[in-house]
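The next block holds one structure in the form of structure tokens; read it before the comments.
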Amino acid sequence: MISIYNTLTRKKEEFKPINPPEVKMYVCGPTVYDYFHIGNARSFIMADMIRKYLEYKGYIVKYVMNLTDVDDKIIKKSIEENTGTDVVSEKYISAFMVDITKLKIKKADVYPKATAHIQDIIDVIQSLVDKGFAYNIDGNVFYNVLKFKDYGKLSGKKLDELEAGARVEVNEEKNNPLDFSLWKKAKEGEPYWESPWGKGRPGWHIECSAMSCKHLGETFDIHAGGSDLIFPHHENEIAQSEAANGKKFVNYWIHFGFLNINNEKMSKSLGNFFTARDILKAYSPEAVRLAFAQTHYAGPLNFSEELLSSAEKGLEKLNNLAEKINEEINNNNTGGVDPSFNFAKFKEGFEAAMNDDFNSPQATAVIFDFIREVNRAAAENENINVNFYLNVKDFLRKTAEGVLGIIDFDAAGTTGSGQLENDLIELLIKLRTDAKKEKNYALSDKIRDELKNIGIVLEDSREKTSFKRARK
RNA sequence: GGCGCUGUAGCCAAGCGGUCUAAGGCGAAGGUCUGCAAAACCUUUAUUCGUCGGUUCGAAUCCGACCGGCGCCUCCA
């Protein structure tokens, strides 16, 4: 049984999908006006991990992530760059796809774009107007929050208190300062679409209501996003969808904690951000994922170089084992012993952790315990049957690789080198082995040191010398 | 002001009423192996969980007060 902390009820609840084994999940995606930063990456990675764990448990997840490709910031950027909004959004959509692929994030089933759903959006707005939840003032359509009695139920805000807080935007046209835009009248030079209220474009919140409904139905299982979306974005989505459809919108709301820099929220507006793209130049995607997995998704995570370098270091243990496993499976030793090993214990430990509101730090601890015991078994037995390594690989494939994404068996040991390069290194190893036999340690150490300088690490074992590339 | 999150070893971070004299990662120290390294393994590294009270047979875990950090209430993952 999986339990999930539901922002709506502020409790951990048993997860019961509407239509098992199907799970419908919607995650708020990027506004494509720039490269996404490492804080955004945390949300995407944590959502990916949750999705993969549900799949691990046998659920069939329909996963939808929207791409907001029309909005003020995109328009601003297009003016700055003297180009079309579609040029801007296409550029950053492509970049987004490249970056999430690098981060080992599984593709969504659908990436709906706002601009491809204008008619669906207009239909929802029309329905809200017809039902009296929205009003048109000179081509601008607003949602009337006073009409929706549950307004504030997600964020725990009360309307009168919100009104009292004077930080709400001043707009003389609106009936109530808290009313929000469903349809924005086009200004000179802005992109627009025809609508019953004239030329304009959708407000931000309405696209998620329209597109989630279109792709997942009126009521679906999970909606996730960053904590900063709770209010007003998700609150408004609930108001729109539930008013339009007369049904509960979402059963489980999941929110990700912020990534901080020096204990301050990382954000574009504060300017204290690193793009995921830049981080990936210095660190492996597995290190990023491990660093994130070691903190619970809902809590804050203070980001630093040290966090990533210590994750990178911790990963070596996993990688060394992955390489060894691949090698052993390649050797295919059908003799030898099969150490008695309690795989079930680790499987249960991993699942117990993940079942408990996706406790990835605990799950990660189980993985590290597991690899230590595997290494111990390997150290205690000279000659091990390949079957053992097949079982080890199977477990890690499903958990550390398949769910957490902190290991990559296909890349382990095969760092994209050419055959000639490998042959040359083997030649040097042979020369060094000869030097060692002659006790010419000055030469053998020199070979090892020089290779290390160019990123090749030699490791002597009893039988032979192997090499690997240093991690970046 | 309202709502919410948070304070656990040198650093990061689980645990949220008994199995905690508190996981896991990084770091540090010692050891096994090795010509030396590296890798791997073993041992050590918080009698204590922001502070002070309270509830309880029993609290890091519940309650209260206090101190500190952060966020949302405006676009933001």
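Note that these values count all heavy atoms, side chains included, but never hydrogens, waters or copies made by symmetry. Just so it is clear: chains get the letters A, B, ... in the order the sequence lines come, proteins before strands, and each one is counted from 1.
Contact annotation for A/Arg432: base contact, defined as any heavy-atom pair under 4.0 Å involving a base atom. Backbone-only contact: A/Asn375 has heavy atoms under 4.0 Å from sugar-phosphate atoms and none from a base. Note on A/Gly39: a base of the nucleic acid sits closer than 4.0 angstrom, heavy atoms only.
In this model, no donor atom of one side chain and acceptor atom of the other lie less than 3.5 Å apart for A/Ser181 and A/Lys174. In this structure, a donor-acceptor pair under 3.5 Å is present between the side chains of A/Asn383 and A/Asn333. Checking A/Lys393 against A/Asn326 by side-chain atom types alone, a donor-acceptor pair falls below 3.5 Å. Judged purely by distance below 3.5 Å, without hydrogens or angles, the side chains of A/Gln362 and A/Asp356 never pair a donor atom with an acceptor atom. Of the N and O atoms on the side chains of A/Asp460 and A/Thr465, at least one donor lies less than 3.5 Å from an acceptor on the other residue. With hydrogens and angles left out, the side-chain atoms of A/Tyr53 and A/Asn355 include a donor and acceptor closer than 3.5 Å.
Within the 4.5 Å cutoff, the side chain of A/Tyr35 has heavy atoms near those of the A/Tyr92 side chain.
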Got a list of protein N/O to nucleotides 8-16 of chain B N/O distances below 3.5 Å?
from   : atom 1 : to       : atom 2 : distance (Å)
B/rA13 : O2'    : A/Gln294 : O      : 3.4
B/rA14 : OP1    : A/His296 : N      : 2.9
B/rA14 : O3'    : A/Asn359 : ND2    : 3.1
B/rA14 : O2'    : A/Gln362 : OE1    : 3.1
B/rG15 : OP1    : A/Asn359 : ND2    : 3.0

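Close to B/rG25, at under 4.0 Å from its OP1 or OP2, lies a side-chain N or O of A/Lys317. Between A/Lys324 and B/rA39 there is no side-chain N or O to OP1 or OP2 distance below 4.0 Å. Proximity of A/Arg376 to the phosphate of B/rA40: no side-chain N or O atom is located under 4.0 Å from OP1 or OP2. In terms of phosphate contacts, A/Asn320 brings a side-chain nitrogen or oxygen within less than 4.0 Å of OP1 or OP2 of B/rA40.
Side-chain atoms of A/Arg372 lie closest to B/rG24 of the nucleotides B/rG24, B/rG71, B/rC36. For A/Phe231, counting side-chain heavy atoms from C-beta on, the closest listed nucleotide (B/rG69, B/rC72, B/rG35) is B/rC72.
B/rA77 has no base stacking with the ring of A/Phe258 when judged by centroids under 5.5 angstrom apart and an interplanar angle below 30°.
Ring orientation note: the planes of A/Phe395 and A/Phe370 are tilted relative to one another, at an angle of 30° to 60°.
Note on residues 260-278 of chain A: pairs passing salt bridge (charged side-chain N to carboxylate O under 4.0 Å, His left out), not counting sequence neighbours, are A/Asp99-A/Arg277, A/Asp228-A/Lys265, A/Asp278-A/Lys281.
With rounding to whole Å, A/Asp48 atom CG is found 18 Å from B/rA77 atom P.
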Dot-bracket assigned to RNA chain B with the 3.5 Å Watson-Crick/G-U criterion, [ ] for crossing and | for other-strand pairs, is ((((((((.[[[..)..(.....]]]((((((.......))))))....[[[[[..)....]]]]])))))))....
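A gap of 11 Å separates the C1' atoms of B/rU47 and B/rC20, to the nearest Å.
Within 3.5 Å, no donor on the side chain of A/Arg42 pairs with an acceptor on the base of B/rA77, nor the reverse.
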